[in-house]
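A short worksheet on the structure shown next.
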Amino acid sequence: MKSLYVLFKPKSSPAKIYFPADRRASPDESHFISLIHACKDTVSLRLVHAHILRRGVLSSRVAAQLVSCSSLLKSPDYSLSIFRNSEERNPFVFNALIRGLTENARFECSVRHFILMLRLGVKPDRLTFPFVLKSNSKLGFRWLGRALHAATLKNFVDCDSFVRVSLVDMYARTRQLNHAFQVFEESPERIKKESILLWNVLVNGYCRAKDMQMATTLFRSMPERNSGSWSTLIKGYVDNGELNRAKQLFELMPEKNVVSWTTLINGFSQTGDYETAISTYFEMLEKGLKPNEYTVAAVLSACSKSGALGSGIRIHGYILDNGIKLDRAIGTSLLDMYAKCGEVDCAATVFSNMNHKDIRSWTAMIQGWALHGRFHQAIQCFRQMMYSGEKPDEVVFLAVLTACLNSGEVDLGLNFFDSMRLDYAIEPTLKHYVLVVDLLGRAGKLDEAHELVEYMPINPDLTTWAALYRACKAHKSDRRTDIVLQNLLELDPELRGSYIFLDKTHAAKGKYQDVEKRRLSLQKKVKERSMGCSYIELDCQLNKFAADDYTHKQAQEIRLKLEGIISLAIERGYIPGADWSIHDIEEEEKESVTGIHSEKLALTLGLLRTAPGTTIRIIKNLRICGDCHSLMKYVSKISQRGILLRDARQFHHFKDGSCSCGDYW
């Protein structure tokens, strides 16, 4: 019976609060303040508030506690209502309100009430300024920052350590490091010696400004350092792309804590070193440290980007074993990992088990269905989000339009596109227009697609014209293809992909001499290239390949096996290099056109290392080219295996010689 109780346990109701039955017994302020602190939700707080009003004990002290509690419960509007109906407005009430508004990201409102405080003649104190300064840090008003600084001097609180730290932080965050350093330098020696936080915020300011030399100098000059000091400088190196320096500093850190580990994991993940990010996480566990929600979110992000499903499952197991709640951050990261690793049904299970869902959770789930071409589930999820009262934003509409595109639902996609402006007052971005151009193009509505590109209110970029080109090529509209080519080259001759775009056009027509000439021109013009790469996880170990990459320890076996695969595919009708169709001009130049693309190498390793019948999962950071796509279809039929490949656009489910995308991607 215990298991049935767990399964059918009723939802928790607001905590019951008992008041004295005898109306004549008038509880004092302390009693009501203790009741206020006991409230776990706004329903309970309102009950206490009502009883306070009935007993007539709404003093400024009680009002301040009500404001503070409602702010902690994320109800700033209720805090404002309490404040407006409070007869006595003294520094305690104002401080509670300004702090609450700041902590609920109501920064403008916080500043306005500080100004109201001055107009009413209420004198701000040392507890007022830190939060109004923080609000201005977020707003970024330099003139207001200087005025607030003057106010701290006028009220003789500028030498308070908390106020001093807030001043330095405010100047640093509003990109006035000269003023931040001046305030720091003019601080009393007592504060400099006692307040490590004062040093930390200044170091952080220089890190944010990418002045790592000054940040390091300050760090070395500190009379004392704490874990926050080390983590701040490590994060600075990470954010500036100096991961080796960050790792060295991390190794020198006397006491490593969860913040420093998380900073390092996040840094490796953000710079594309997913294998190191994941291994660093498990190393942290071996050291006996317990990850927090940010650690888990960071490592799950690395898993989702690289397709490390096995590692993601291990992390999920750790979450369950240690009773970590699936809150918004962890739940969203977990479902995103499952969806992007090819297990969208597992993602849906995680989503359904989340007690609290926000816009990011809904977006991740809709996007997950969309990536897998599960149109009906994506639209159903969108409708459930609407019924829940969550308002869609521009990112949600990107996910919905992607679902329509991958399923060829043109009319519904256009309806959603129009609904953005008409129903939700959301102006479409360039990304939305590119999706609609792709949507129209896929359906063969080339006139409408071309007209949209010509008359859209945003200047079309290379990606927009590339979407139209894909459609023209797919539907064999040569005349329109030539027009699109001219528009691409008129954008900017230096743009990546313009020359390689023509390369593939000439190659398709057999003009290989022109191809080689343009190849030399391209090599001179393109200065920076982000290499295309593919990932395949085997036995919980991540394997990464680049084009023509034979650095893997099984390189010789991979090369021989791939030659055999291609030979078998040719016997079945595969023509190597026959389909040079461009699928993302900006991306395709990042891999050699005639070389062995990374996904072929990942596929070969998967065939070598997995048992017959096992589905092979590959993640590629760019869009798969036509040649590789063609080979994948042949291999799926020859090997009688499923191949699941996620590229920059969607999932491709290869089975028995065909692909779920219908050869349009």
Side-chain angles (χ1 to χ4, degrees), residues 339-340 342 344-345 347-348 351 359 362-388 390-424 426-453 456 460 463-464 466-475 477 581 583-584 623-624 629 644-655 658-665:
K340 288 181 178 175
V344 69
D345 291 311
F351 182 73
I359 190 70
W362 288 102
T363 303
M365 193 65 253
I366 296 168
Q367 184 69 24
W369 292 123
L371 285 172
H372 287 265
R374 304 275 286 271
F375 167 75
H376 295 292
Q377 289 92 333
I379 300 305
Q380 183 182 10
C381 190
F382 176 79
R383 287 172 178 158
Q384 288 172 350
M385 184 193 77
M386 299 297 293
Y387 295 148
S388 74
E390 193 76 57
K391 290 183 67 175
D393 61 7
E394 62 180 49
V395 184
V396 171
F397 277 107
L398 282 174
V400 172
L401 288 172
T402 300
C404 295
L405 170 61
N406 291 344
S407 304
E409 295 287 341
V410 181
D411 293 336
L412 195 57
L414 293 174
N415 286 339
F416 278 119
F417 183 70
D418 292 335
S419 178
M420 288 178 64
R421 283 191 308 257
L422 300 177
D423 299 330
Y424 301 99
I426 300 172
E427 279 300 316
T429 65
L430 192 59
K431 290 181 179 180
H432 295 96
Y433 279 102
V434 171
L435 285 170
V436 175
V437 170
D438 238 343
L439 184 66
L440 292 168
R442 179 170 186 168
K445 298 185 177 184
L446 301 182
D447 291 333
E448 292 94 325
H450 199 170
E451 185 177 350
L452 179 62
V453 174
M456 56 193 276
T463 309
T464 317
L468 183 58
Y469 173 80
R470 286 194 297 272
C472 295
K473 184 168 175 54
H475 295 284
S477 177
S581 58
H583 288 92
D584 196 312
R623 237 180 247 214
I624 185 173
H629 190 272
L644 190 61
L645 185 145
R646 190 191 89 210
D647 67 3
R649 158 109 174 241
Q650 66 190 87
F651 269 96
H652 298 265
H653 298 254
F654 298 97
K655 188 176 182 181
S658 62
C659 180
S660 59
C661 73
D663 295 341
Y664 191 101
W665 70 102

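All heavy atoms count here, side chains included; hydrogens, waters and symmetry mates do not.
- Residues satisfying the side-chain contact (heavy atoms from CB on, under 4.5 Å) test with Gln380, not counting sequence neighbours, are Gln384.
- Atom CG in Leu452 sits 9.5 Å away from atom CG in Leu468 (nearest 0.5 Å).
- In this structure the side chain of Ile379 reaches within 4.5 angstrom of the side chain of Phe416, judged on heavy atoms.
- Residue pairs meeting the salt bridge (Lys or Arg N to Asp or Glu O under 4.0 Å) criterion with at least one partner in residues 370-383, sequence neighbours excluded, are Asp345-Arg374.
- The CG atom of Leu645 lies 10.0 Å from the CD atom of Gln650; values are rounded to the nearest 0.5 Å.
- Under the 4.5 Å side-chain criterion, counting only non-hydrogen atoms from C-beta, Thr464 is in contact with Met456.
- The line from NE2 of His372 to NZ of Lys340 is 10.5 Å long, rounded to the nearest 0.5 Å.
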N/O donor to acceptor pairs below 3.5 angstrom from side-chain atoms of residues 437-447, sequence neighbours left out:
| unit_1 | atom_1 | unit_2 | atom_2 | d |
| --- | --- | --- | --- | --- |
| Asp438 | OD1 | Arg470 | NH2 | 3.4 |
| Asp438 | OD2 | Arg470 | NH2 | 2.8 |
| Asp438 | OD2 | Arg649 | NH1 | 3.3 |
| Arg442 | NH1 | Leu405 | O | 2.9 |
| Arg442 | NH1 | Asn406 | O | 3.4 |
| Arg442 | NH2 | Cys661 | O | 3.2 |
| Asp447 | OD1 | Arg480 | NH2 | 2.4 |

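- Note: His653 and Phe651 have tilted aromatic rings, judged against thresholds of 30 and 60 degrees for the angle between ring planes.
- Listed by chain and number, the residues in a salt bridge (charged side-chain N to carboxylate O under 4.0 Å, His left out) with Asp393 amount to none (sequence neighbours excluded).
- Distance check: Gln367 CD to Thr402 OG1 gives 5.0 Å after rounding to the nearest 0.5 Å.
- For Tyr433 and Phe417, the distance between ring centers is under 6.0 angstrom.
- Going from atom NZ of Lys391 over to atom CE of Met385 covers 11.0 Å, rounded to the nearest 0.5 Å.
- Taking both residues in full, the closest heavy atoms of Gly373 and Ser407 are given as O-OG, 3.7 Å, listed atom of the first, atom of the second, then distance.
- For the atom pair CG of Leu401 and CG of Leu414, the computed distance is 9.0 Å after rounding to the nearest 0.5 Å.
- In this structure Ser660 satisfies the side-chain hydrogen bond (donor to acceptor under 3.5 Å, both in side chains) test with no other residue, sequence neighbours excluded.
- Between Phe382 and Trp362, the ring centre distance reaches or exceeds 6.0 Å.
- Formation of a donor-acceptor pair under 3.5 Å by the Ser419 side chain with backbone atoms of Asn415 is not found in this model.
- The main-chain N or O of Glu394 is found under 3.5 Å from a side-chain atom of His432 such that the two form a donor-acceptor pair.
- Listed by chain and number, the residues in a ring-ring contact (aromatic ring centres under 6.0 Å, His included) with Trp369 amount to none (sequence neighbours excluded).
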